[in-house]
Amino acid sequence: MRRKGMALTEHLIAGSDFKRTRFHDEKGDLVDFAGALFAPQALFSAIGARYFGYRSATPWISYRAVKFLDRAIERDWRVIEFGSGMSTLWLAERCGWLHSIESDPGWYRLVSSRLKQSGSIRYELRGVEEYPDVSDYPDGSIDFALVDGIWRAGCIEQVAPKIRRGGEHKYFVDFRPCQFGVTEGLLVQF
């Protein structure tokens with residue numbers, strides 16, 4: 001988002017007050033060549049979202065993270081997601097069971113209208129106080145968790161013991177859909 005008084009040319013180059021250029025993340029890390037190859041795709045999806053209201057059913061996380069997850073997620077996986085959206089639609093097609101938690105009523109209605117409800121999807125709207133609560137799951141019973149909503153630290157703290165052990169982690173500095181600028185992200189499986 002452009003701050004008041006930020007010159008248009010500065011905004012076109014950086015995209016925000018927190019980045020040197022659209023090819024740097026907020027920590028100053030420059031996207032590598034493999035990540036830069038996603039720049040045209042990110043640009044076109046950002047234009048489509050902003051000017052035409054088009055949003056593909058792809059998670060709004062790093063393109064490389066999406067590719068990694070597409071290969072990693074198995075049909076019998078149990079997945080929990082904090083913050084719903086295009087990732088909800090995408091995950092629902094790939095995993096065996098999905099619990100998606102949303103805090104925004106408008107976004108909840110939008111995703112609900114696009115989501116094919118089934119017995120393998122638990123989709124709920126929660127307030128701030130109960131948002132990160134996953135106490136009804138036994139430790140080690142979730143294969144993957146995506147944390148992209150409010151109160152992220154609380155969500156991570158609550159869901160970490162619920163993730164099955166034995167995975168890996170990946171760090172990405174990459175472009176993502178609907179935004180022309182790189183972001184950083186971390187995929188962790190304990």
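As the structure is a computational prediction, the values presented were derived from the model and not from experiment. All heavy atoms count here, side chains included; hydrogens, waters and symmetry mates do not.
Here the CH2 atom belonging to Trp151 is positioned 12.0 Å from the CD1 atom belonging to Ile101, to the nearest 0.5 angstrom. Atom NE2 of residue His24 and atom OG1 of residue Thr21 lie 4.5 Å apart, to the nearest 0.5 angstrom. Expressed to the nearest 0.5 Å, how far SG of Cys95 lies from CD1 of Ile80 amounts to 11.5 Å. To the nearest 0.5 Å, the span separating OG on Ser45 from CZ on Phe38 amounts to 12.0 Å. From Thr58, atom OG1 reaches atom CZ of Arg176 across 13.0 Å, with rounding to the nearest 0.5 Å. For the atom pair CD1 (Ile73) and CZ (Phe68), the distance works out to 9.5 Å, reported to the nearest 0.5 Å.
Residues Ile156 and Ile142 fall within the same hydrophobic cluster, defined by Ile, Leu, Val, Met, Phe, Trp and Tyr side chains chained together at heavy-atom separations under 4.5 Å. Transitive grouping of hydrophobic side chains (ILVMFWY, heavy atoms separated by less than 4.5 Å) keeps Tyr54 and Leu89 in distinct clusters. With hydrophobic clusters built from ILVMFWY side chains whose heavy atoms lie under 4.5 angstrom apart, Trp60 does not share a cluster with Phe44.
A donor-acceptor pair under 3.5 Å links the side-chain atoms of Arg126 to the main chain of Asp133, judged by distance alone. No side-chain donor-acceptor contact under 3.5 Å links Glu102 to the backbone of Tyr108. Although no hydrogens or angles enter the test, the distance criterion places no donor-acceptor pair under 3.5 Å between the side chain of Glu93 and the main chain of Trp90. With hydrogens and angles disregarded, a donor-acceptor distance shorter than 3.5 Å links the side chain of Arg64 to the backbone of Val173.
Contact of the Ser113 side chain with the Arg109 side chain is not registered, since no non-hydrogen atoms from C-beta on lie closer than 4.5 Å. Contact check for Glu157 versus Pro132: no side-chain heavy atoms found under the 4.5 Å cut-off. Here the side chains of Trp77 and Leu98 are not in contact, with every heavy-atom distance at 4.5 Å or above.
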message: salt bridge (charged side-chain N to carboxylate O under 4.0 Å, His left out), that's the test. Do Lys67 and Asp174 meet it? Break it down for me.
response: CA-CA 12 Å; Lys67 287 180 109 171; Asp174 204 352; over 6 Å; no
message: Applying side-chain contact (heavy atoms from CB on, under 4.5 Å) to Ser87 and Asp148, what does each step give before you reach the verdict?
response: CA-CA 10 Å; Ser87 56; Asp148 192 30; 6.0 Å; no
- request: Run the numbers on Leu69 and Leu146 for side-chain contact (heavy atoms from CB on, under 4.5 Å), then give the verdict.
  value: CA-CA 11 Å; Leu69 288 173; Leu146 179 62; 5.6 Å; no
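With 3.5 Å as the limit, one finds a donor-acceptor pair spanning the side chains of Ser84 and Tyr123.
The aromatic rings of Tyr131 and Phe82 lie tilted to each other, with the angle between the two planes from 30° to 60°. Relative ring orientation between Phe175 and Phe180 is described as parallel, the plane-to-plane angle staying below 30° on a 0-90° scale split at 30° and 60°.
The nearest pair of heavy atoms linking Leu115 to Ala92 is CD1-CB, 4.2 Å. When every heavy atom of Thr88 is checked against every heavy atom of Ser100, the shortest pair comes out as OG1-OG, 3.4 Å. A pairwise comparison of heavy atoms in Lys162 and Asp139 identifies NZ-OD1, 3.2 Å as the closest pair. The nearest pair of heavy atoms linking Ala145 to Ile163 is CB-CD1, 3.6 Å.
Ion pairing of Asp143 with Arg78 is absent here, as no side-chain N (NZ or NE/NH1/NH2) approaches a carboxylate O to less than 4.0 Å.
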